[in-house]
Structure formats: C-alpha cells, structure tokens
Amino acid sequence: MKIGVYPGCSLTGSARDYNESVFALAKAFDIELVQVPDWNCCGATAAHNLNRELSLSLPARILATAEKNGLDEILVPCAACYSRLIVTQHELKKNPELKNRINEIIGMDYRGTTKLINVIEWIDASIIPNLEGKITKPFDYKVACYYGCLMVRPNKVLNYDRAEDPQTMDIVMEKIGAHALYFPFKTECCGAGLSVSRTDTVSKLSGKIIEDAVHRGADTLIVACPMCHSNLDMRRPDINKYWKSDFKLPVMYVTQAIGLAIGLTPKEVGLQRHFVKVNIS
Amino acid sequence: MARIGVFVCHCGENISATVDCGKVAETVGKLKHVAFSTDYKYMCSDPGQTLIKDAIKEHKLTGIVVSACSPRMHEPTFRKAAAEAGLNPFLCEMANLREHCSWVHEKNEMTTDKAIDLVRILIEKVKINSALQPIRVPVTKTALVVGGGIAGIQSALDIANTGHKVILVERSPSIGGHMSQLSETFPTLDCSQCILTPRMVEVAQHPNITLYTYAEVESLDGFIGNFTVKIRKKAKSIYEKDCTGCGLCTTKCPQKKIPNEFEEGLGFRPAIYVPFPQAVPNKPVIDREHCTYYLKGKCKVCEIVCPTKAIRFDQPDEVIEVKIGAIVIATGFDIKRSNFFPEYGFGKYKDVIDGLQFERLASASGPTSGAILRPSDGQVPKNIVFVACAGSRDPAKGIAYCSKICCMYTAKHAMLYKHKVHEGKAHVFYMDIRSAGKNYDEFVRRAIEEDYVNYIRGRVSTIYERDGKLIVKGVDTLLGAQPVEIVADMVVLATAGVANPGAEELAQKLHVSYDSHKFFAEAHPKLKPVETNTAGIFLAGACQNPKDIPDSVSQASGAAVKVAALFSQSELTREPLVAYVNRTSPPMYSTCVGCFLCQSVCPYQAIEHEDFKTRDGKIIKTVAKINEGLCQGCGTCVALCRSKSIDLHGYSNNQVYTEVVALLNDY
Amino acid sequence: MSHSEHSIERDSLAYAIEKHVEVHAQKCYQCGKCSAGCPVAEEMDLPPSLVMRLLQTEKSSNDDKVLRSESIWLCLTCEMCLSRCPMEIDIPSMMDYLRQRSRSEKKVNPKMKNIVSFHKAFLHSIQYTGRLFELGLILDYKRQSLKLTQDMMLAPKMISNGKLHFIPELLKDMPHITKIFKKTIVEGGSK
C-alpha cells in the first residue's frame, strides 16, 4: 500500500520523534509513505496572523504539488499543518474568486481534489484493521488522550470527531489495551504558537492540562500534534516553574504508543528524544 | 341584460390620496352595461351601505362591483348589504383598490389607470357570475380533546359544562400531564397537584366527558362538524370494571427496576403500575415492553395476587370509531434532556439535571419526598447552579426561539432550593430575565432580594467533573466578561421547551399545519391564535409553543368557546366557492374520464368516487365527485384536470378568461 | 453581505469585517460564552465578547480600542469560541482580520511587539528557506525582540536529543517561494 505524506517542518526538526514513529508504524504495516516532492512550510500560525493571502498560498502550493504528482490522498501527521491545509481547501472551495486569486499567486493550477487524512484517520483505516495478532505488548496503562484544538475545530470544516469530548483517539488507545480516562481538558488549548513569545501563558495553559491528567491518575498523556507535544514536553521546566511543581507525566504520540504495543523498541519510535523521560516501554 | 353598479370607495384618504376616485367612477360609468357608478368617502359606513342598497333597488342592478379595500376585510359586509337589497350575495365582487393599488403606487395617472383596469375586469366578471347558494352541513355536537394535560382538562371541562359531549384522549395511563409532575407553581408557590387534582377528578366524574387514557388518535376523516375519528385504546392488560385499584399487583410485581417516566428517571417503577398516587384513572396498566411475562413467557405474579381476577394478559388493543364535530389539540410539549448538551457532558454527569427532574426532587411526592438531594450520592448540594437558556435562543443548536417559561421556573427553582437548604448557595446564569406577566417580575426580584439568589449575567461555556464536584465555567458580562468558575454540587439546566415526540405525525393525521420546530401552527398569529387552518380544529396549550399554566388554561378556555360556538348552531353554512365535476346526459354522465389525477393532488382529501350503475347494479362509469364539505376551493384539481371536467364555483375558467380578455382589450 | 448594509457605518470596523471575512458583529447578543470558554480571556484586556460589543457601537474611538488591544494578539485561534457560540460567529477569522488591520494602521499594542516579532521571524525563515529553520527562527527572534538569554537552556538539550538542525533544508524551487512572498507580503504591504 502506498500513500502520500506531508510531514511538515516540525517533523523534520523538533518533532523528529513523531516522524520516526509514523514511519516506523508505516513500515511495520507495509505502508509506503511517499513525500510530497519539494514541499514547503504551511505557514502555520504566523501566516494567518499576518497575511491572509500568504496563509492560503503556502498550503495551496503544497496541495497543487500533490495534485500534480498524482497523490490523491495525503497523510498529514502534524495536526497544525493538517488544519492549515484543510482550512485552505475549505476557503477556496467556498470562494471561487479567491481560488483564482491564489492560483494566480502560486502560478499553479490548484483544484482541491486531494483527500487529506489526519493521523487518527490513517490509524483507523490502515493500522487498526490489521492489528490482529500484532500486539505483543498490550499498552496496559491509564492514558489521558489530549486532542488539542486543531484535530477537532473548526468542527464544521473538519467534519471529523465531535468537538466536545471527542472519542476517536480514546477508542484507538482502548484497542491496544489502554484504559482511556475521562479527561475534560482533552480539547483545551495548550497555548499553541505563543510558546516562544509568551512562555508564561503557555506554561499556565499547558500546566492546567498536565495537572488535571496527573490528578486523574494518568500514566501518560497521548497526543497527535507536534505543537502540543513541544508545549507539554519541551516546555515542562517552564511549566513546573510556573506551577511550582514537579510534574513527571510523560507525553507520548499516539503512534509511539501503538509502536510499543506491536513490539517496536522505544528507540525505534523516538522516545529517547523526549525531554520528559518516558518510563513506559 | 346585465345592469352593473360600481361603487368606488375613497377609504378616507387611503385610496383617494393616490387614486383619482372620481375619475374612476366617471370612466367606468361610461362602459357598456354599467347602469350606475359613483364614489364615496367610506363605502363600509352605514350611509355607504345604504347608498349601495338604494342603488341596487332603484337601478334594478344585476351585479355590483365595490371598489375599495381587500375582500379579506369587507367582502362579508358588502355581500350582506347586497343580500339585504335582494341581490344574491355572490353577484357582488370587490376590486381591491387599496392593497393592490393605492398603497403600493405613487400618485399619478398610471395609478388611476390601474385602478380603472382593476374595476373593469371585475365588471366583466360579475356579468357572468351566477347566483350561488351557501352550502349547509349538519353538526355532530361531540368534541374530541386530544391530550389530558392541564390545557386538555380545562378545554374538556369547559366544553362539557356547556352541555356538550366530550371525548378526552390521553396517550399515557393517566391524565394530568406535566403539571402533575410540578412541585410548586410560580408566581404564588401553590402546590401544583393541590390545584390540579380537583380538576382531574372532575373530569373523571363529569357525565358529559368520556375519558380514554392509554389511547391515541389513529386517524381522522371528514370535515368541520362531521369528523370521524378512529381511536386506538392500547391494551392495559387489565379488566378495568373488575379492578378495584387496590394496588396489590403493583407492590408484588417482581420487575421493579424500570426507570420511572413520571419521576423523570430519578426513580423506578414496576412493570404493572399506576404512574402516580393521584392518577386518574387510578388503575394500573401493564407495560408490555418490560413485563417479564411478555418478555419471557412466565411470571404472572400479578394475576395470582389480584383479588378480583382483573388481569388480562391476552387483552388486544381496541380501535373504536367515533363521530365528532370539533377537535381541540392539547398535546403539550416536551423539554430537551441534559444529553442534548455536549459542552455540559452529553448527559453523562449524574448531578447535571434538567428542570423537570428538579421539579420531582422538590416535590413532596417525589423520589426524595421533597428533599433536594444529588442523584449521584444522595447528599444535599451546598452549592447549586441553575443555567437558563440551555438550548433556547441557540440557533447553533437549532433552537432560535425563547422557551418563555424558563426564566420564571428557574427563579422558582432557586427559591425552592433556598427555602429547603437555608445555608446553601444558589447561582443562576442568565442572559436576560424575561418575566412579563402578572406578579412575575416581582417574583424574580424576591428570589434575588429576599432569598439572595446570585444572578450572574452570562452563559456557561462548559461543565466538567472533578473529585465528585462539577466545575462550572462561566463569565460575568456585567463585569466586563470577568471569568466565573463555580465548584458546584449540582447543576440544573433550564432546557429548551420543544414539541412533543409524535407531534408531527399527529399533525399529519389531523391534517393541520405545524412549524419548522413541529409545534402546531395557528391560523393567524394575532387574530386567530386558537384556530388551526383546518376548520373545526382548535389549539390549546403548549402544543403551539412553550406556555406556562395561566396561558395554557386561558387558551384552553378560548378553544372551548370556539367549540361551543360551533355547537350552538344546528347546521353550518359555508361559502359555496367549491369545485364541481360537470354532469352530462347519459350515457356519458360526465366528461370526466375517471383518471383521478385530481384525487392524488387534492390537499384536502375532498375528491371521492361516484359510480353510475345500470338498474341491475352493474357499474357503467366511475367519475370524480367533490365532497363539498371538505373542498376548500383551492383549484388545484381544476388546473390539473386533463379533460376539463372540473370547474370552480365563483372562479370558473370562463370567469377568469373573461377578466384576462377584458384587461387585454381597450375600453 | 448583510441585509442592512444601508444602515451600517461605512467607515466602521464592523463594516470592514463584514466585507472581508463575512462576520456580522450585530449577531452577537452578549451572552459571554466565548469569553467564558476562551483559554486566554483572563490575560486579555478585552475578552472576546467585549471586542464584539465595542465593534457593535460602530464608533471610531471604540474601533481604535480594538485595534490597539492586546487581545487580538493573545488570541490563540483555538476556535473554542466559534465552536460554542450559539450564534456561530466566526471570531477566529475576525481576529485574523483585526491583526492585519492593526498592523497596517500601525496600531499594534507596544506590549505585543514580541508576539508580532516572533510571527515575523517565522515568516522570514520560510521566506528564505521555504521551510521552517528552527535555529534560524530562534536567533532571528532574539535579534528582533532583544530577548537574548531566553531559552538558553533549551537549545543544548534540543541538540543532544537530535531535535535541532544547524543547517537549513533548502527547497529546490526557492524562486517559487520567493515569488509567493513577493506577491503576498511585499505587494500586500504587510512586511
């Protein structure tokens, strides 16, 4: 099986661990991931905050490149990139005039035919059905699934899981043997793109999420977004300073948890790259 | 030879300000067959009508055109005047110079020309009008009231007290409706059951009322004064005449864990049950969906213990057919349950309850005997939050309207809580306080001023559970949207009032219209709030939109008066502007070929079959026949008839063509 | 466009918002649910519902307050407000527009300069490499914000965990990216 993939910038840098776990899973399930050739950055928060046309043009170039190369479906593991790409598709579908304008800017023929798949959809469609007999080490932990914002909102555009108390990731985790906890903070924002410019705000918001998960007895947080991961993991010293605490709760990508369950080593799924030590194997 | 009279009304200045009424009268006066033409300031006034009557007699007029306002306003006035002068009322036509001309155009020559045209075409039409006689139909003086809540009870009693028979049909095993579930009622805080149960008993005892509980309307045929209704009496599985209501069966039934509907799921009931102690009738029914005998084929404990041998496991449903003359729909409303709110936990938190559940907690006859206790652990909540507008005024959730009753009952709930839990703290999140009504706002002020209920203006964003408490995240918009986080023991959602399940199906069975929220629709929002647009069917209570008790009772009495007025006549007359299928001499009988396309499109089920038979009963031909009682004269069948065999009295094809031709011709 | 176009102040911010992002400020009935759910409302000078109210007045002094507010830069675009708004008002899209207006009218709140600097540094990074070069971004941001010592402790660990590159990955077709930036940022005047 072959499918397109748009890794996005984080997965080549600060979220290498995520990238490694996605590719390791793909390999374990005989899925060939083909990168969108010469892909560029989606523009992230900065672009839509500062310039609307740029925020649509950058994703449009990625999508048009995928179309040109016959990639009908692309997996977008990064929830932030996924959001920018799908919002662009939505906006340009809604407004043909805007689509023409963006096509003029990028000098390409974007049509909007690519099907975008987030990581949970990919897992649901390609991993879960083939899981039988593969689980060698059931992930027997209490987990708090943290979806963040971009997997579920804007709900009407994404048309994915329900916006309040989403379940898809919980169900995936239960399938590999985990106990998914009731976790009301699963869609509260971690502070997102303010990580560098307003570290205090991020420490406060991410801290609330960690504190509640710890309080409910979680062994680990499960995430599917590199931005959330970096705020919850890399920013942990700031969080602990802000909250005057010593939270040791690890933060794992959903793909890492599945990887461990099917017997991949912690290193194969990049766990050694985490800032907060993961005592789960 | 036609002799037509034209009467042009100024309508004060309503018409004459833009139309030259004198010129209209003068111009049409010169037309062929116009024997008399004049203008006058107010044709509808007494002198105006006299003017018309005198002219009819003096000029021996064969038809008149009153050129004034919309026929919706004064057609009856002028037709009556014509009749008094000896002219068949259907030889009087009205040209609408006000709504169709003066009100919608500027003052100029073209406007006057248009007015002349409007009069002209009706002069041509009235020339070929025929004298019609009103249709007379008999009246069956028995009313059907559907729904046994307070509105249905009130309507039934009021109609019965005028001396007419009433059949009251209630879907559940007892009458009483939502009002019987309520604890105390605003704004007086009198006990709901104390004021309701005497009425329930009166219904049961009234010689003019036949009560069918555990019964539903199956179908309806006929028309005003002459309906036939089929009622399905669901099997109660007991023989009511033998049952003494001793209640032994209900205490011995081994199946005891069925969520109690009357207690809004806060308690349990057995499979054979009486919904509540004061139920009318106070005799049990077996809930076959949950009864062990029906599920597994054995048990029959109730049959064994019944001292009068009244249990009937094999009792079938019974469908009865009754003739009635009028219907009052009083099927009430429902509320959204707490599972309608994703942001408040999808109904997952046991201590987030809805308004009706709170009523049961506060009710002396309720599952806690009136003590306010958390459903999760039976503890007294020390901190309670009430959320108004839960689902109402929320277009995103599909409910844009205000449910009207929640502001008041939320104030009442907070007050009842404070009266029962003195040391407790009650908070109300609200958007606006809508307390228009006699002594209503004073009631809300009492909650705030005397009972120290903490009113916070803002909507709750989310509720979540932590350590057995409910964290309520809201905001105080009067403090510049300051965040408010309350750690509550219990939350009560004033959920939106919605149409009852099955309302749409019932509306379709009864052929009455309903709105996009499935509430029954009134014929006119202001002047016909009690009527539906099906003659002879009226509305009472919250089936039309959420209403409180006083409003429901008022409307119920209003509906009863409508029924009584209808029943005060021995026969009904109605306008003969109905369709008819032509008749020709045998052997053709009619040009109708019997395709019955008309029948499939008639919105009023007014088209029947008529057989022409030989003397020995052999059918020669079947043609369409219009039931004059049902036909509303919409003309759909006329337009569709391929053999041009149907026409409409008063608006025949010929009359309409004549009008069009008149408009096209110069004068 | 709204039915009541003739009655709205043409030079108001509310009108511009209707025109550019089809958000109708008058729909807001001030329930405050957005402010109640907003994760950063506590830090904002104007919580979202207050921004809506100011816009509804169609007064230039209030429009100015909005454009000079900290709130528009603190907004995380988490979309919680929109997802719970009973009137389905797209506040996030409106915030994007307000940020761009605030910059073009040179009304960015001085306290928010760091946030803007970060966004600018981010876009610079993409402009010159096509992809985000995290090390370059941090250095550029430090240069712009003068926060020289911030996150000094983070970098070594990132490097040892293999999460920070020293050399940017360059796109093959860089001229294409340059062209896109030229047509949007440079010509659009939001450099």
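Just so it is clear, the model here is predicted, and its values are computed rather than measured.
- Contact of C:Leu135 with chain A is not made at all, since no heavy-atom distance falls under 4.5 Å.
- In C:Lys157, the NZ atom is crowded: over 12 heavy atoms of neighbouring residues, nucleotides or ligands sit closer than 6.0 Å.
- The choice from C:Met112, C:His165, C:Arg131 that makes the most heavy-atom pairs within less than 4.5 Å of chain A is C:Arg131.
- When A:Lys208, A:Arg61, A:Glu188 are compared by the number of non-hydrogen pairs under 4.5 Å with chain C, A:Arg61 comes out ahead.
- Proximity to chain A (any heavy atom under 4.5 Å) is shown, for C:Met95, by neither the backbone nor the side chain.
- From C:Phe118, atom CZ reaches atom CZ of A:Arg198 across 14.0 Å, with rounding to the nearest 0.5 Å.
- Within the 4.5 Å cutoff, the side chain of A:Ser197 has heavy atoms near those of the C:Tyr141 side chain.
- Judged by distance alone, with hydrogens and angles left aside, the side-chain atoms of C:Lys163 form no donor-acceptor pair with the main-chain N or O of A:Ala15 at under 3.5 Å.
- For a residue to count as touching a neighbouring chain, one of its non-hydrogen atoms must lie under 4.5 Å from one of that chain's; by this rule C:Glu43 touches chain A with the side chain only.
- One distance of note links NZ of C:Lys183 with CZ of A:Arg101; it measures 7.0 Å at 0.5 Å rounding.
- Ranking A:Ser14, A:Cys190, A:Gly43, A:Cys41 against chain C, the residue ahead of the rest is A:Ser14, based on heavy-atom pairs under 4.5 Å.
- For NZ of C:Lys107, the number of neighbouring non-hydrogen atoms (other residues, nucleotides, ligands) closer than 6.0 Å is greater than 12.
- Here the shortest heavy-atom pairing between A:Leu54 and C:Phe181 reads CD2-CE2, 3.7 Å.
- Of the listed residues C:Lys179, C:Glu42, C:His176, the one with more heavy-atom pairs under 4.5 angstrom with chain A than any other is C:His176.
- Contact tally against chain A (heavy-atom pairs below 4.5 Å) for C:Pro92, C:Cys75, C:Ser117, C:Gly130: the top residue is C:Gly130.
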Item to check | From CA spacing to verdict: salt bridge (charged side-chain N to carboxylate O under 4.0 Å, His left out), A:Lys156, C:Asp90 | outcome: CA-CA 11 Å; A:Lys156 281 202 172 152; C:Asp90 191 346; over 6 Å; no
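- Contacts between A:Ser55 and chain C at a heavy-atom distance below 4.5 Å are absent for every atom of the residue.
- Among the candidates A:Gly148, A:Gly270, A:Gly191, A:Gly107, the residue making the largest number of heavy-atom pairs closer than 4.5 Å to chain C is A:Gly191.
- Using a 4.5 Å heavy-atom threshold, the side chains of C:Glu79 and A:Pro154 count as touching.
- With hydrogens and angles disregarded, no donor-acceptor distance shorter than 3.5 Å links the side chain of A:Arg52 to the backbone of C:Asp96.
- Counting heavy-atom pairs closer than 4.5 Å to chain C, the top-ranked of the candidates A:Met108, A:Gln272, A:Arg235 is A:Arg235.
- Per-residue heavy-atom pair counts under 4.5 Å with chain C were compared for A:Thr45, A:Asn49, A:Ile105, and the maximum is reached by A:Asn49.
- Between the side chain of C:Arg99 and the backbone N or O of A:Leu50 there is no donor-acceptor pair closer than 3.5 Å.
- When each of A:Asp38, A:Asp17, A:Val152 is scored by its heavy-atom pairs under 4.5 Å with chain C, the top score falls to A:Asp38.
- Rounding to the nearest 0.5 angstrom, the gap separating the CD1 atom in C:Ile180 from the CD1 atom in A:Ile106 is 6.0 Å.
- The structure places CG of C:Leu171 at 8.0 Å from CH2 of A:Trp39, a figure rounded to the nearest 0.5 Å.
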Item to check | Full working for salt bridge (charged side-chain N to carboxylate O under 4.0 Å, His left out) between A:Glu164 and C:Arg84 | outcome: CA-CA 9 Å; A:Glu164 304 283 349; C:Arg84 288 185 183 152; 2.6 Å; yes
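- For the options C:Val40, C:Leu74, C:Thr129, heavy-atom pairs under 4.5 Å to chain A are most numerous at C:Leu74.
- The only member of C:Asn114, C:Ile115, C:Ile138 that meets side-chain contact (heavy atoms from CB on, under 4.5 Å) when paired with A:Val196 is C:Ile138.
- Looking only at heavy-atom pairs under 4.5 Å with chain A, the residue among C:Met80, C:Glu88, C:Gln150 that has the most is C:Met80.
- Both the backbone and the side chain of C:Asp173 have a heavy atom closer than 4.5 Å to some heavy atom of chain A.
- A:Thr187 touches chain C through backbone and side chain together, each having a heavy atom under 4.5 Å away.
- Between atom CG of residue A:Asn51 and atom CZ of residue C:Arg103 there is a gap of 9.0 Å, rounded to the nearest 0.5 Å.
- Atom OG1 of C:Thr184 is separated from atom CG of A:Leu58 by 7.0 Å, given to the nearest 0.5 angstrom.
- For chain A, the nearby part of C:Ile126 is the side chain; its heavy atoms alone come within less than 4.5 Å.
- Interface remark: C:Leu164 contributes no atoms to any contact with chain A (heavy atom separation under 4.5 Å).
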